[in-house]
Structures are given as C-alpha cells and as structure tokens.
Amino acid sequence: MAKTPAQRIKKHGSKAVVPQHHLPPVVNPTTARTPEKAQNNSNLILIAGVVVSLFLFWYLHLLTLDQLRQLSGGLAMPDSLVGGFDPGYIGQLQAAMDADARGQLNYVHKTAGTLFPLIFGFTWLLLIGTNVARKALRWALWALPLLFVVVRLWANVAIDGMMAADAPDAGQVALASGLTVAGWVLLVLSLLAGAAAVVLNARKAKRTT
C-alpha cells in the first residue's frame with residue numbers, strides 16, 4: 001500500500017521523496033481577450049448597427065411613410081416634413097385620413113418609428129465611444145444622438161396625439177412641428193458627430209505611427 005507524503009517524511013526525514021502534484025492551468029492562454037479582438041468585435045457590432053439603421057431609415061421614411069400618402073390624398077406625413085407644418089396643413093391631413101389611416105400611422109410609430117431612433121442612437125453611441133478617448137469630448141458628442149432618440153420618440157407621441165384630435169389644436173401642432181424639426185436637425189448633427197469622431201481617431205492613429 002502506498003505511503004502518504006506525511007508518512008514518507010516521518011520515516012525518511014528530509015530525504016523523503018514527495019511526489020509533486022500540479023493543478024492544470026485555470027486560464028486557457030489561447031482564449032485570452034486581446035485589445036485587437038475587442039476592437040474587431042466592436043467593429044462588427046458597428047457595421048451591423050449601421051446597416052440596420054440605414055435599412056430602417058429607408059423602410060420608415062422612403063417606403064412606409066411615403067406609401068401612407070396613398071391614404072391621405074397625396075399629402076406627406078408630418079414625420080417627413082423637415083421644415084415643420086402648421087394647423088392649416090394638419091387640418092387638411094386630418095380631413096383626408098380616416099380612422100384606419102390614422103391607425104396605420106400610429107402603428108408605424110410604434111414599430112419602425114421606435115426601432116429606428118433606438119438602434120441608430122445605440123450605434124452612434126458605440127461609434128463615438130470607440131473613437132473618442134477624451135471623456136469631456138466624448139460626452140459632448142454623445143449628447144447629440146441621445147437627444148435625437150428622446151426627441152424622435154417624443155415626436156411620435158406628439159404627432160399621434162395631434163392627429164387623434166377632432167380639430168387641429170395650435171398648441172399640439174406647434175409642439176409636434178417643433179419636435180419634428182428638432183429631430184431632423186439632431187439626426188444631421190449626430191451624423192456629423194459620428195464622422196468627426198472617426199476623423200479624430202484617424203488623425204490620432206497617424207500621429208502615433
């Protein structure tokens with residue numbers, strides 16, 4: 001019967017041969033997360049986010065909202081009016097759209113109208129975060145897509161409430177129009193902020209090489 005290490009030490013003293021037991025390594029070095037792998041993962045998420053954002057913008061503004069013109073006598077939906085709208089225009093739109101048509105507009109706001117700003121906002125936050133190291137500048141650029149998400153979702157609710165009214169309310173129309181214009185402006189500014197972040201990162205990379 002084999003002796004235990006303690007028994008061997010007791011019998012042979014310092015000359016005892018004690019077998020060494022080695023535990024297997026806990027971390028597999030082949031699976032170590034490197035900065036290059038993390039950057040590649042971020043790039044893949046960014047590419048996917050940009051593709052989905054482009055698709056949703058096309059689906060929302062160039063397809064679905066444009067098709068709703070067939071239910072409004074050719075009048076454009078409020079979301080598409082970059083320069084805003086007034087009570088007179090909304091009165092014409094309300095007269096041309098029945099309850100079913102307004103319901104379809106509300107459904108668009110709850111689906112693609114919600115998904116587009118959320119996915120675009122997340123993608124642009126990641127884009128800016130991975131390209132801008134300075135905290136103050138990063139937060140300043142992040143403010144634009146964050147505001148865009150809030151304003152666009154608020155505009156959806158404001159437009160639905162405005163269209164559900166029996167007659168145009170000047171206050172509701174002014175709020176919905178202002179939010180719509182602000183949403184378009186913030187979208188453009190967010191695109192510029194993303195481009196600026198990429199340019200700044202590229203210049204920094206050139207200086208370090």
Side-chain angles (χ1 to χ4, degrees), residues 46 48-72 74-94 96-97 101-129 131-132 137-165 168-198:
L46 275 174
V50 170
V51 171
V52 174
S53 296
L54 288 173
F55 171 77
L56 286 174
F57 180 86
W58 168 81
Y59 178 79
L60 175 62
H61 290 284
L62 304 180
L63 181 64
T64 308
L65 290 177
D66 188 65
Q67 288 180 343
L68 286 178
R69 295 168 68 111
Q70 300 174 9
L71 306 177
S72 64
L75 296 174
M77 295 299 105
D79 313 65
S80 303
L81 300 174
V82 180
F85 39 82
D86 57 21
Y89 183 85
I90 297 304
Q92 297 178 38
L93 196 60
Q94 287 176 329
M97 297 179 70
R102 298 180 193 182
Q104 289 192 37
L105 178 60
N106 177 263
Y107 177 77
V108 170
H109 286 156
K110 290 180 178 179
T111 52
T114 298
L115 288 174
F116 169 64
L118 289 177
I119 293 177
F120 174 85
F122 169 79
T123 302
W124 250 243
L125 289 177
L126 182 60
L127 173 65
I128 294 169
N131 285 281
V132 179
L137 179 60
R138 186 168 66 244
W139 274 105
L141 296 178
W142 268 350
L144 294 170
L146 286 172
L147 284 173
F148 168 74
V149 173
V150 173
V151 169
R152 269 306 284 268
L153 295 179
W154 189 5
N156 289 343
V157 176
I159 290 173
D160 289 333
M162 174 189 69
M163 293 298 296
D169 179 87
Q172 285 183 314
V173 173
L175 175 62
S177 178
L179 290 171
T180 300
V181 174
W184 282 106
V185 171
L186 286 169
L187 176 60
V188 174
L189 292 177
S190 296
L191 292 172
L192 294 175
V198 173

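Note that the coordinates shown come from a computational prediction; the quantities given were computed from them, not determined experimentally. When reading the values below, keep in mind they use all heavy atoms of this one structure, side chains included, and skip hydrogens, waters and symmetry mates.
- When the side chain to side chain contact (heavy atoms under 4.5 Å, CB included) test is applied to Thr123, the partners found at least two apart in sequence or on another chain are Leu46, Val50, Ser53, Ile119.
- Taking all atoms of both residues into account, the shortest heavy-atom contact from Ser72 to Ala96 is O-CB, 3.5 Å.
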Expected list for residues 176-189: side-chain donor-acceptor pairs under 3.5 angstrom, two or more places apart:
from, atom 1, to, atom 2, distance (Å)
Ser177, OG, Phe85, N, 3.1
Ser177, OG, Phe85, O, 3.3
Thr180, OG1, Ala176, O, 2.8
Trp184, NE1, Asp79, O, 2.9

In residues 142-158, what donor-acceptor pairs under 3.5 Å come from side-chain atoms, sequence neighbours left out?
from, atom 1, to, atom 2, distance (Å)
Trp142, NE1, Leu125, O, 2.8
Arg152, NH2, His61, NE2, 3.1
Asn156, ND2, Gly113, O, 3.1

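- Counting heavy atoms from C-beta outward, Thr64 and Gln104 have side chains that stay 4.5 Å or more apart.
- Annotation: side-chain hydrogen bond (donor to acceptor under 3.5 Å, both in side chains) contacts of Asn106 (sequence neighbours excluded): Lys110, Asp160.
- Heavy atoms of other residues, nucleotides or ligands lying less than 6.0 angstrom from OH of Tyr89 number more than 12.
- Shown here for Ala170 and Pro87, the closest heavy-atom pair between the two residues is CA-CG, 4.4 Å.
- For Ala174, the side chain to side chain contact (heavy atoms under 4.5 Å, CB included) test picks out no residue, with sequence neighbours left out.
- With a 4.5 Å cut-off on side-chain heavy atoms, Pro78 and Met162 count as touching.
- Ala197 and Leu141 get closest at one heavy-atom pair: CB-CD1, 4.4 Å.
- Rounded to the nearest 0.5 Å, atoms NE2 (His109) and CG (Leu60) are 7.5 Å apart.
- Of all heavy-atom pairs between Met163 and Gln94, the closest is O-NE2, 3.8 Å.
- In the displayed structure, Phe57 atom CZ is contacted under 6.0 Å by more than 12 heavy atoms of other residues, nucleotides or ligands.
- Ring geometry, Phe120 versus Trp124: the interplanar angle falls under 30°, so the pair is classed parallel (tilted spans 30 to 60°).
- When each of Asp66, Ile159, Leu93, Leu71 is paired with Met77, the side-chain contact (heavy atoms from CB on, under 4.5 Å) condition holds for Leu93 and for no other.
- Contact detail for Arg69 and Ala76: the closest heavy-atom pair is NH1-CB, 3.3 Å.
- At distances below 3.5 Å, not a single donor-acceptor pair connects side-chain atoms of Arg138 with backbone N or O atoms of Ile128.
- Residues forming a side chain to side chain contact (heavy atoms under 4.5 Å, CB included) with Ala196 (at least two apart in sequence, or on another chain): none.
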